Student: 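One structure coming up, written as structure tokens, with questions to follow.
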Amino acid sequence: MTLPLRPDLAGLTPYGAPQLSVKARLNVNENPYAPPSVVVDAITTAVRKACVELNRYPDRDAVGLRTDLARYLAVESHADFLRADNVWAANGSNEVMLHLHQAFGGPGRKVLSFAPTYSMYPEYARDTLTEYVTLPRRDDFTLDVDAAAAAIAEIQPVMVLVASPNNPTGTALPLSEAAALCRAAAEVPGGCLVVVDEAYAEFRHRGVPSALSLMPEHWNLVVSRTMSKAFALAGGRLGYLAATPEVIDALQIVRLPYHLSEITQATARSALAHHRDLQAQVDEIRAERDDTVAWLRAQGFTVADTDANFALFGPFEDRKKVFEGLLERGVLIRVTGPEGWLRVSIGTAQEMALFRSALLEVVA
Ligand SMILES: *Cc1c(COP(=O)(O)O)cnc(C)c1O
């Protein structure tokens, strides 16, 4: 049988990293800690309550959840100017990003990003027939903002996508640079949004601000977040963004009706209510991250500065061989980033001890 598959999709394979059962799974930047039992209990109780009315469709506008998310951002990033109508939520920030592309991308339109960065960005563009253009980051993975501003003026993209902290490098975007991108984007005649993907925001070092603080001055800014990493809720699938109500209205047009199940909404709201109970885990991961970076540097490796829950390190002549040597010892990391580099997610103290001893054996 001949499948009428889109010609541009022919021969492609689906995105995804290996899901293997090994001692240390350090390849997809998950939170290594299970949700604390107080959170598990809260979720279970809320989901049980939601089940009583599962014959009904969920709240299509997820107003309760979006109100809670706005309140969380007010506490976490002092973004007390946000209301429910500034917030959009979907099944993971991947779906939030897809909604942005469905509403603002499309044939004849371009998005601009900065390589190396998150490998899903070209896929949202491809799936929505949007052209994906990249500028290279500098050798230390920071942005050349003047070059970026010039490219925005020339290319006239509909969106500029910057992950901060960036995946796979961990690089945070300074506020002054985010503001410069917003100013350059504001000059694009047809309009241009600057989307800062802050999937790893909660892991940033103290004193590193969120791009959210720029929003009252730059309303072409969109800040995306997720509960997959810091909230230990990758399995719950909840991502969200903050923007102007006009952006949110546009996203409502392209979302599927009832896209967020009542189970998802109840789960996310329960976890949000306990965000302070999750903070201890985040603090442990941040400390373990800094220890891991210091240890790798002490061994003579180069490590990109990281504000996330992972570290990009190298250089290796044959990174595939190092990856495989680690895997043989029960440590699964990720072959990603520029040639010669590897990325390790920060796990528990025990997992990182295993990573360290396995790495020393492999490079011996
Ligand atoms: C992990 C990650 C996400 C989160 O995706 P979800 O769909 O929310 O699980 C978003 N952006 C980047 C850059 C990531 O690395």
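None of these values were measured; they are calculated from a predicted model. Counting starts at 1 for both ligands and their atoms, in listed order.
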Student: For Ala199, counting its heavy atoms only, list the atoms of ligand 1 lying under 4.0 Å from any of them.
Tutor: 2 (C), 3 (C), 10 (C), 11 (N), 12 (C), 14 (C)
Student: Any side-chain to backbone donor/acceptor pair from Arg343 onto Asn27? Under 3.5 Å, distance only.
Tutor: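 Yes, because the side chain of Arg343 sits within donor-acceptor range (under 3.5 Å) of the backbone of Asn27.
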Student: N/O to N/O below 3.5 Å, does that happen between Asn94 and ligand 1?
Tutor: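 Between Asn94 and ligand 1 (N or O atoms, distance only) the closest approach is under 3.5 Å.
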Student: Does ligand 1 come near enough to Asp197 that some N or O of the ligand is less than 3.5 Å from an N or O of the residue?
Tutor: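 For ligand 1, there is an N or O atom that lies under 3.5 Å from one belonging to Asp197.
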Student: Between the main-chain N or O of Pro116 and the side-chain N or O of Asn166, is there a donor-acceptor pair closer than 3.5 Å?
Tutor: yes
Student: Name the closest protein heavy atom to atom 9 (O) of ligand 1, giving the residue it belongs to and the distance to 0.1 Å.
Tutor: Ser228 OG, 2.6 Å
Student: For atom 4 (C) of ligand 1, find the nearest protein heavy atom and state the residue, atom name and distance (0.1 Å precision).
Tutor: Ser93 OG, 3.2 Å
Student: Heavy-atom pairs closer than 4.0 Å: do any link ligand 1 to the side chain of Arg237, the backbone, both, or neither?
Tutor: side chain
Student: Tell me whether Glu154 is salt-bridged to Lys110, with the criterion being a basic N under 4.0 Å from an acidic carboxylate O.
Tutor: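 Salt bridge absent between Glu154 and Lys110.
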Student: Among protein heavy atoms, which sits nearest to atom 1 (C) of ligand 1, and what does the distance come to when rounded to 0.1 Å?
Tutor: Lys229 NZ, 1.3 Å
Student: Polar contacts were defined as any N/O atom of the residue lying under 3.5 Å from an N/O atom of the ligand; does this apply to Tyr121 and ligand 1?
Tutor: no
Student: With salt bridge (Lys or Arg N to Asp or Glu O under 4.0 Å) as the test, would you mind laying out the steps for Glu339 and Arg319 before giving the verdict?
Tutor: CA-CA 8 Å; Glu339 191 48 55; Arg319 63 172 170 176; 3.6 Å; yes
Student: Of the protein's non-hydrogen atoms, which lies at the shortest distance from atom 15 (O) of ligand 1, and what is that distance?
Tutor: Tyr200 OH, 2.6 Å
Student: Using 0.5 Å steps for rounding, measure from the NZ atom of Lys321 to the CZ atom of Phe316.
Tutor: 12.0 Å
Student: Does the pair Arg225/Glu202 count as a salt bridge with the N-to-O cut at 4.0 Å?
Tutor: yes
Student: Checking Asn167 against Tyr121: is there a side-chain donor and acceptor pair closer than 3.5 Å?
Tutor: no
